There are 2 protein chains.
Amino acid sequence: MKDHYQKHVKALLAVDCIIFGFTQDNLKILLIKRDFEPEKGKWSLMGGFLRPDETLDEAASRILQKLTGLHDIYLDQLRSFSHPDRDPVDRTVSTAYYALINVEEHNKELTKKHSAEWFNIQDIPALIFDHNEMISQAIKRLRYKASTEPIGFELLPEKFTMRQLQKLYEAILGQELDKRNFIKKILSLDVLIKLDEKDMTSSKKGSFLYKFDAEKYDRFKI
Amino acid sequence: MKDHYQKHVKALLAVDCIIFGFTQDNLKILLIKRDFEPEKGKWSLMGGFLRPDETLDEAASRILQKLTGLHDIYLDQLRSFSHPDRDPVDRTVSTAYYALINVEEHNKELTKKHSAEWFNIQDIPALIFDHNEMISQAIKRLRYKASTEPIGFELLPEKFTMRQLQKLYEAILGQELDKRNFIKKILSLDVLIKLDEKDMTSSKKGSFLYKFDAEKYDRFKI
DNA sequence: AATTTAAGTGTATTATTTACATTTAATTAA
DNA sequence: TTAATTAAATGTAAATAATACACTTAAATT
């Protein structure tokens with residue numbers, strides 16, 4: 001009987017995206033300056049509302065694309081946040097997603113249009129609602145992920161040096177790693193292809209570039 | 001401006017609970033026979049709708065208590081399921097939680113009242129909506145959890161034998177384990193207290209009972 | 001006293017992780 | 001042209017963790 005349903009409240013369904021990027025040896029998150037009430041002018045995660053004909057995954061994907069121009073991006077559902085008062089305007093349950101993007105590839109005009117900026121994860125400002133909590137959980141999740149499977153394919157440019165990869169891991173894990181042990185470990189995973197090319201920007205000697213072997217990388221996906 | 005909100009659809013917010021228990025060396029899930037439409041008479045997870053004044057966590061807790069009489073139970077949010085057509089009556093987003101309970105402690109009259117029954121995880125029947133998918137993801141998550149932190153405090157009776165603990169791990173991981181290696185490993189985690197008492201029901205010699213050291217166990221919580 | 005049953009126990013091997021310092025290739029400056 | 005500079009590249013020993021594997025023991029039953 002429909003009654004069983006109708007006595008229950010409905011709520012707005014939102015999606016918020018924690019967009020991770022990696023530049024200048026730092027793990028960063030893309031935040032926007034809100035251009036609408038409530039909390040207009042404050043920093044927040046990029047978000048939006050669920051549409052009648054889409055899943056939450058699709059909504060997250062759409063919202064990510066709206067801000068970055070990117071599609072087919074790594075996106076993972078973090079969890080749903082549901083405190084009755086989290087949004088002062090109306091009861092809204094928000095499902096947080098985290099995305100890993102290659103900073104070089106995103107559409108900078110789009111992010112500029114949304115007044116978006118990259119923040120080091122150590123320097124996240126006070127955000128609206130429960131967005132700081134969302135970020136904190138996303139970082140935790142990313143750390144966990146990095147310790148159990150290879151990561152970086154999504155965050156690094158196509159070709160990268162060992163040093164870049166190590167710096168990425170150090171930024172995610174929040175700790176320094178031994179260079180020799182790191183290389184030994186990452187090579188043992190057998191997901192990298194060493195190229196004949198060198199990156200000459202970082203040293204006189206130059207350092208070899210690597211790329212990920214997509215098939216071998218995917219074996220690790222849980 | 002409120003407009004930014006009002007043009008968006010609202011949906012019903014549901015919670016579904018994957019309730020794990022362990023009896024007769026088997027990992028089981030508690031399912032109910034639905035006593036209301038749609039899909040009345042079919043097996044399903046225990047669920048309910050979010051109330052205006054509670055969080056999803058609280059709703060899951062309330063729903064779990066309604067069925068089992070238990071409170072202060074281990075509950076973890078799995079993820080939200082949002083396919084537009086997942087519930088034929090009305091757009092409903094459901095957030096799945098999994099719970100670990102001690103089967104001996106739940107209120108059997110309550111479960112009987114809800115026509116609830118325990119099913120081995122190998123023998124889950126066809127369920128309504130996307131509930132089979134929820135279970136499949138919950139088992140995956142439980143396996144992952146079991147491989148990274150001690151588990152069992154919530155699923156076993158207060159006092160248990162090494163054999164029971166091993167059988168629990170075998171049921172969760174879906175594979176047999178070597179007795180000596182298992183004991184070595186679990187003792188090295190330093191979360192067990194060996195009691196002077198023996199369980200005499202399983203053998204002539206009897207086997208020592210253990211209990212968990214709650215404080216040491218909690219160190220492993222992520 | 002012999003048999004039965006599950007509990008309880010140890011060691012050797014292999015794999016993984018950790019700690020740690022020097023050499024090399026190329027450019028720049030003297 | 002030689003020396004100095006810079007980051008890249010490389011290996012080994014020790015410690016820890018994971019795996020494979022089989023016999024002895026305690027108590028009850030026959």
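These numbers come from the heavy atoms of this one structure, side chains and all, not from hydrogens, waters or symmetry mates. Naming: A, B, ... by sequence-line order, numbering from 1 per chain. Note that the structure is a prediction, hence the values are computed from the model and not measured.
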Nearest-nucleotide comparison on DNA chain D, the residue closer to the 5′ end among A/Lys194 and B/Lys179
A/Lys194

Only residue of A/Ile101, A/Leu110, A/Ile32, A/Asn107 satisfying side-chain contact (heavy atoms from CB on, under 4.5 Å) with A/Leu67 is A/Ile32

In whole angstrom, what separates B/Gln175's CD from D/dA18's P?
14 Å

Return the value, rounded to whole Å, for the distance between atom CG of B/Leu189 and atom P of D/dA18.
9 Å

Round to a whole Å and report the spacing from CZ of A/Phe182 to C1' of C/dT17.
15 Å

Quick note, B/Asn181 side chain, CB onward, closest among D/dA20, D/dA9, D/dA7 is D/dA20

Please determine whether a side-chain nitrogen or oxygen atom of B/Lys184 lies at a distance below 4.0 Å from atom OP1 or OP2 of C/dG10.
no

Nearest-angstrom distance from the residue atom NZ of A/Lys204 to P of C/dT24
18 Å

Determine, for A/Glu109 against A/Lys112, whether the closest basic-nitrogen to carboxylate-oxygen distance falls under 4.0 angstrom.
no

Which pair of non-hydrogen atoms, one from B/Leu78 and one from B/Gln137, has the smallest distance, and what is that distance?
CD1-O, 3.9 Å

Measure CZ/A/Phe208 against C1'/C/dA26 and give the value in whole Å, please.
12 Å

Among C/dC20, D/dA9, D/dT10, which is the nearest nucleotide to the side chain of A/Ile183?
D/dT10

Provide, to the nearest angstrom, the distance between the CZ atom belonging to A/Arg180 and the P atom belonging to C/dT23.
13 Å

Measure CG/A/Leu177 against C1'/C/dA19 and give the value in whole Å, please.
14 Å

Result of checking A/Tyr217, A/Tyr210, A/Phe160, A/Phe220 against A/Phe153 for ring pair (Phe, Tyr, Trp, His ring centres under 6.0 Å):
A/Tyr217

With hydrogens left out and only the distance checked, is there a donor-acceptor pair under 3.5 Å joining B/Lys205's side chain and the base of C/dA7?
yes

Between atom CG in A/Asp178 and atom C1' in C/dA21, what is the gap in whole Å?
11 Å

